[in-house]
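First the structure, in the form of structure tokens, and then the observations on it.
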Number of protein chains: 2
Amino acid sequence: MSSTTALRKAGLKATLPRIKILEFLEKTEERHLSAEDIYKAMLAENEEVGLATIYRVLTQFEAAGMVVRHHFEGDRSLFELGANNGANHHDHLVCERCGRIQEFFDEVIENTQIKVAERFGFKIVDHSLHIQGICADCQQETD
Amino acid sequence: MSSTTALRKAGLKATLPRIKILEFLEKTEERHLSAEDIYKAMLAENEEVGLATIYRVLTQFEAAGMVVRHHFEGDRSLFELGANNGANHHDHLVCERCGRIQEFFDEVIENTQIKVAERFGFKIVDHSLHIQGICADCQQETD
DNA sequence: GTCCCTGCAAACGTTTTGCAGCAGT
DNA sequence: ACTGCTGCAAAACGTTTGCAGGGAC
């Protein structure tokens, strides 16, 4: 599906900045990016889009379910493409020291978190789970 | 144990602002508070402590393991007293709409998250887990 | 008396917003 | 042509920091 079609399906006009941002997210390796990461990476490819526009577009993409916003660290949001597609649902393991992010999927946790949520009346329509720990690399550092 | 003693044990001078903040955290009902929540609540009790000082003190309390800092929402940190005490470890269920926080403890999740972390080389010294969902109250709202 | 702490105000980084001009349909 | 989008610059937000005066030991 072309970016243009994807945008129309989401009820968004297919404008140049939106197309560029969506295509950038689709082709980039790093799945978890901040608005500024996207801004700088696009600049480096001579794709100029204003930072304010990136924020606005990401918010629209989020509302359309095309993108998920994460708050792993307190100081900035990271955006991830297409994580609400049931088929590739996954959770995140986040290193508290270096910010490294490991995606994972675990059936037991998946089922149990739903049970826990129900136990407390949280009917889960949308859910996300993240575990914060210290990654192997950071463990090795003497401190 | 008096607040003064607790502070000394943590290697912190027992100053008036630190004592006031610690005692406030001990006696307040709401366990998850932002710096500003604390600031305003203390003002309301005629306990004037500068907001910058509250941030500094909370950071010191965190370093001393007296307090845990959470990043449930992207826009502010919430602080919780004494959650690193092994005996009362718990995780959090957070409503994405209203911000309501439900504490819980589940043996299965507890064990499985450790297994998942190990599978990816995240040796967990410190860990915290939160599940974001939609709480019962917010589910009822027609939107 | 020494050193660390506090309060204030200013700085900071991220995100949002007002507005005038421009692009998509 | 009409509407909604974009870019810029300024504002807003939570949080941190520099500094001069004050408090704990």
Side-chain angles (χ1 to χ4, degrees), chain A residues 2-24 32-43 46-64 66-80 99, chain B residues 2-24 32-43 46-64 66-80 99:
Chain A
S2 77
S3 325
T4 303
T5 314
L7 288 166
R8 294 244 170 76
K9 265 186 138 172
L12 297 168
K13 269 200 215 167
T15 64
L16 214 56
R18 299 212 262 238
I19 293 169
K20 284 186 189 169
I21 293 170
L22 179 53
E23 295 191 338
F24 174 79
H32 307 89
L33 297 155
S34 69
E36 186 133 23
D37 291 339
I38 296 170
Y39 177 68
K40 286 185 185 156
M42 289 182 69
L43 263 193
N46 289 312
E47 299 286 9
E48 296 223 22
V49 179
L51 185 52
T53 300
I54 292 181
Y55 276 106
R56 275 186 289 233
V57 169
L58 288 171
T59 302
Q60 292 154 357
F61 284 6
E62 185 190 16
M66 299 163 66
V67 141
V68 179
R69 184 192 304 250
H70 296 287
H71 306 295
F72 296 132
E73 288 154 45
D75 54 352
R76 62 211 230 293
S77 298
L78 297 188
F79 297 86
E80 175 179 20
Chain B
S2 77
S3 325
T4 303
T5 314
L7 288 166
R8 295 243 171 77
K9 266 186 138 173
L12 296 168
K13 267 199 213 166
T15 64
L16 215 56
R18 298 212 263 239
I19 293 169
K20 283 185 190 169
I21 293 169
L22 179 53
E23 295 191 339
F24 174 79
H32 307 88
L33 296 154
S34 69
E36 184 133 23
D37 290 339
I38 296 170
Y39 177 67
K40 285 186 186 155
M42 289 183 67
L43 263 193
N46 289 314
E47 300 287 7
E48 296 222 22
V49 179
L51 184 53
T53 299
I54 293 181
Y55 277 107
R56 273 185 291 234
V57 168
L58 287 171
T59 302
Q60 293 153 357
F61 285 6
E62 185 190 17
M66 299 164 66
V67 140
V68 179
R69 183 194 305 250
H70 295 288
H71 305 294
F72 295 134
E73 288 154 44
D75 55 351
R76 62 211 229 290
S77 298
L78 297 188
F79 297 85
E80 175 179 20

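So that the names make sense, note that chain A is the first sequence line, chain B the second, and so on, each numbered from 1. The shown structure was predicted, so the numbers you read here are calculated from the model rather than taken from an experiment.
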(request) Mind running a 4.0 Å heavy-atom check of residues 8-18 of chain A against DNA chain D and sending the residues that fall below it, in number order? (result) A:Lys13, A:Thr15, A:Pro17, A:Arg18
(message) Please find the pair of heavy atoms, one from A:Ala6 and one from A:Leu22, that lie closest to each other, and give the distance.
(response) CB-CD2, 4.1 Å
(request) Hey, could you give me the CD/CG distance between B:Glu36 and B:Leu43, rounded to the nearest 0.5 Å? (result) 9.5 Å
(message) Measure NZ/B:Lys40 against C1'/D:dC13 and give the value in whole Å, please.
(response) 12 Å
(request) Report the distance from atom CG of A:Leu43 to atom P of D:dC8, rounded to the nearest whole Å. (result) 10 Å
(message) With a 4.5 Å cut-off on side-chain heavy atoms, are A:Thr4 and A:Arg8 touching?
(response) yes
(request) Round to the nearest Å and state the distance from B:Glu36 atom CD to D:dT15 atom P. (result) 9 Å
(request) Measure the spacing between CD of B:Glu73 and OG of A:Ser77 and express it to the nearest 0.5 Å. (result) 11.5 Å
(request) Taking only the side-chain nitrogens and oxygens of A:Ser77, find out if one of them lies under 4.0 Å from OP1 or OP2 of C:dT15. (result) yes
(message) What is the separation between atom CG on A:Leu7 and atom P on D:dG4, rounded to the nearest whole Å?
(response) 17 Å
(request) State, to 0.1 Å, how close B:Val67 and B:Phe79 come at their nearest heavy-atom pair, and which atoms those are. (result) CG1-CD2, 3.8 Å
(message) Let's see if you get this right: which residues in residues 47-59 of chain B place a heavy atom under 4.0 Å from DNA chain D?
(response) B:Ala52, B:Tyr55, B:Arg56
(request) Please work out whether the ring planes of A:Phe72 and A:His32 are parallel, tilted or perpendicular, with thresholds of 30° and 60°. (result) perpendicular
(request) For B:Arg69 and D:dT15, give me the distance from atom CZ to atom P, rounded to whole Å. (result) 8 Å
(request) Calculate the interatomic distance between B:Glu73 atom CD and C:dT14 atom C1'; express it in whole Å. (result) 16 Å
(message) Using five pairs at each end of the helix from C:dG1-D:dC25 to C:dT25-D:dA1 to define an axis, what is the angle between those two axes, to 10°?
(response) 30°
(request) Mind calculating the distance between CD1 (A:Ile21) and C1' (D:dC5) to the nearest angstrom? (result) 12 Å
(request) State the CD1-CG distance between A:Ile21 and A:Leu7, to the nearest 0.5 angstrom. (result) 10.0 Å
(message) Looking at every non-hydrogen atom in both residues, tell me the closest pair between B:Phe24 and B:Ala41 and how far apart they are.
(response) CZ-CB, 3.3 Å
(message) Would you say B:Ser3 and B:Arg18 are linked by a side-chain donor-acceptor pair, where the criterion is simply a distance under 3.5 Å?
(response) no
(request) Indicate the atoms forming the closest heavy-atom contact of A:Leu78 with A:Ser34, along with that distance. (result) CD2-N, 3.6 Å
(request) Can you see which heavy atom on A:Pro17 is nearest to which on A:Thr53, and at what distance? (result) CB-CG2, 4.0 Å
(request) Provide, to the nearest angstrom, the distance between the CE atom belonging to B:Met42 and the C1' atom belonging to C:dT6. (result) 13 Å
